[in-house]
> 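This structure is in structure tokens; I'll ask about it shortly.
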Amino acid sequence: MTNTTQPSDFAKIDRDSAPKCVRVCQNRTCKKQGAVKVLAAFTALPIPGVTVTASSCLGQCGNGPMVLILPDMVWYSGVQPDEVSLLIENHLLGGQRVKQMLYYRFHPQKSS
């Protein structure tokens, strides 16, 4: 039996072609900060090819509601329900990060 899959085949999967997933933390602190409504706002505006899921704790308590976009590995903090459409339009559909919402610990602002 021959193995037709080469290890290099897996390296061809890149972040642009992989399906996007939006994870919205639903743990205790994020819930207190409004994460349930943020998740509801994402699910109310479905995007083809993008999966939206409730997440367990993302480990950034006190900075929520936290949103993680995979496979981009882009973190957004303090996301409010009325900002979800901006994330969808700019990041998920337009491919542009929403700089003012980026989580500073993982996406430090460049000083000018």
Side-chain angles (χ1 to χ4, degrees):
M1 185 148 106
T2 13
N3 183 354
T4 57
T5 303
Q6 299 297 319
S8 60
D9 290 347
F10 296 107
K12 292 177 186 172
I13 298 171
D14 65 287
R15 290 182 176 176
D16 292 332
S17 64
K20 293 213 185 300
C21 177
V22 176
R23 298 185 69 197
V24 182
C25 180
Q26 295 295 298
N27 209 36
R28 186 178 306 131
T29 307
C30 281
K31 268 189 168 177
K32 284 181 186 173
Q33 294 174 316
V36 172
K37 289 181 180 177
V38 172
L39 179 61
F42 271 109
T43 55
L45 299 167
I47 309 125
V50 176
T51 305
V52 175
T53 61
S55 172
S56 57
C57 185
L58 293 173
Q60 304 306 314
C61 300
N63 295 291
M66 294 300 299
V67 172
L68 172 60
I69 298 182
L70 300 170
D72 304 351
M73 288 304 297
V74 175
W75 294 73
Y76 291 105
S77 63
V79 178
Q80 298 304 308
D82 62 349
E83 298 172 320
V84 167
S85 60
L86 183 65
L87 280 180
I88 290 172
E89 285 176 36
N90 290 4
H91 189 125
L92 296 172
L93 297 175
Q96 299 294 315
R97 295 177 178 189
V98 183
K99 289 184 180 142
Q100 68 271 24
M101 295 170 64
L102 288 172
Y103 183 42
Y104 70 95
R105 284 195 183 156
F106 298 134
H107 308 288
Q109 300 296 318
K110 305 222 180 342
S111 55
S112 33

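Computation of the quantities below employed the complete heavy-atom set of this structure, encompassing side-chain atoms and omitting hydrogens, waters and symmetry-equivalent molecules.
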> What are the two closest heavy atoms between Pro65 and Gln80, and how far apart are they?
CD-NE2, 4.1 Å
> Side chains of residues 29-52: which donor-acceptor pairs under 3.5 Å do they make with residues two or more places apart or in other chains?
unit_1 : atom_1 : unit_2 : atom_2 : d
Gln33  : OE1    : Gly64  : N      : 3.0
Thr43  : OG1    : Leu39  : O      : 3.2
Thr43  : OG1    : Ala40  : O      : 3.0

> Give a yes or no on whether the ring-centroid distance for Tyr76 and His107 is below 6.0 angstrom.
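Tyr76 vs His107: aromatic centres not under 6.0 Å.
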> Does Trp75 belong to the same Ile/Leu/Val/Met/Phe/Trp/Tyr cluster as Val24, with side-chain heavy atoms less than 4.5 Å apart forming each link?
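No; Val24 is not reachable from Trp75 via cluster members.
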> Working to the nearest 0.5 angstrom, can you tell me the gap between Ile69 CD1 and Cys21 SG?
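Taking CD1 in Ile69 and SG in Cys21, the distance rounds to 9.5 Å.
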> For a quick test of reading the model, state the closest non-hydrogen atom pair linking Cys25 to Ser56 and the distance between them.
SG-O, 3.9 Å
> When you measure from the side chain of Glu89 to the backbone N and O of Leu86, does any donor-acceptor pair fall under 3.5 Å?
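Absent.
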> Please enumerate all residues that pass side-chain hydrogen bond (donor to acceptor under 3.5 Å, both in side chains) together with Ser77, with sequence neighbours excluded.
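side-chain hydrogen bond (donor to acceptor under 3.5 Å, both in side chains) check on Ser77 returns nothing, list empty.
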> To the closest 0.5 Å, what do you measure between SG (Cys57) and CD (Gln26)?
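Those atoms lie 11.5 Å apart.
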> Using a 4.5 Å cut-off on heavy atoms from C-beta on, say whether the side chain of Arg23 contacts that of Leu70.
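Leu70 reaches Arg23 side chain to side chain.
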> Do Val74 and Ile88 share a hydrophobic cluster, counting only Ile, Leu, Val, Met, Phe, Trp and Tyr and linking them when any side-chain heavy atoms are less than 4.5 Å apart?
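Val74 clusters together with Ile88.
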> Val79 vs Leu87, test: side chain to side chain contact (heavy atoms under 4.5 Å, CB included). Steps then yes/no.
CA-CA 9 Å; Val79 178; Leu87 280 180; 4.1 Å; yes
> Please output the side-chain donor-acceptor pairs of residues 99-106 that fall under 3.5 Å, not counting sequence neighbours, one pair per line with the distance.
unit_1 : atom_1 : unit_2 : atom_2 : d
Tyr103 : OH     : Gln60  : OE1    : 2.7
Tyr103 : OH     : Asn63  : ND2    : 3.1
Tyr103 : OH     : Arg105 : NH1    : 3.3

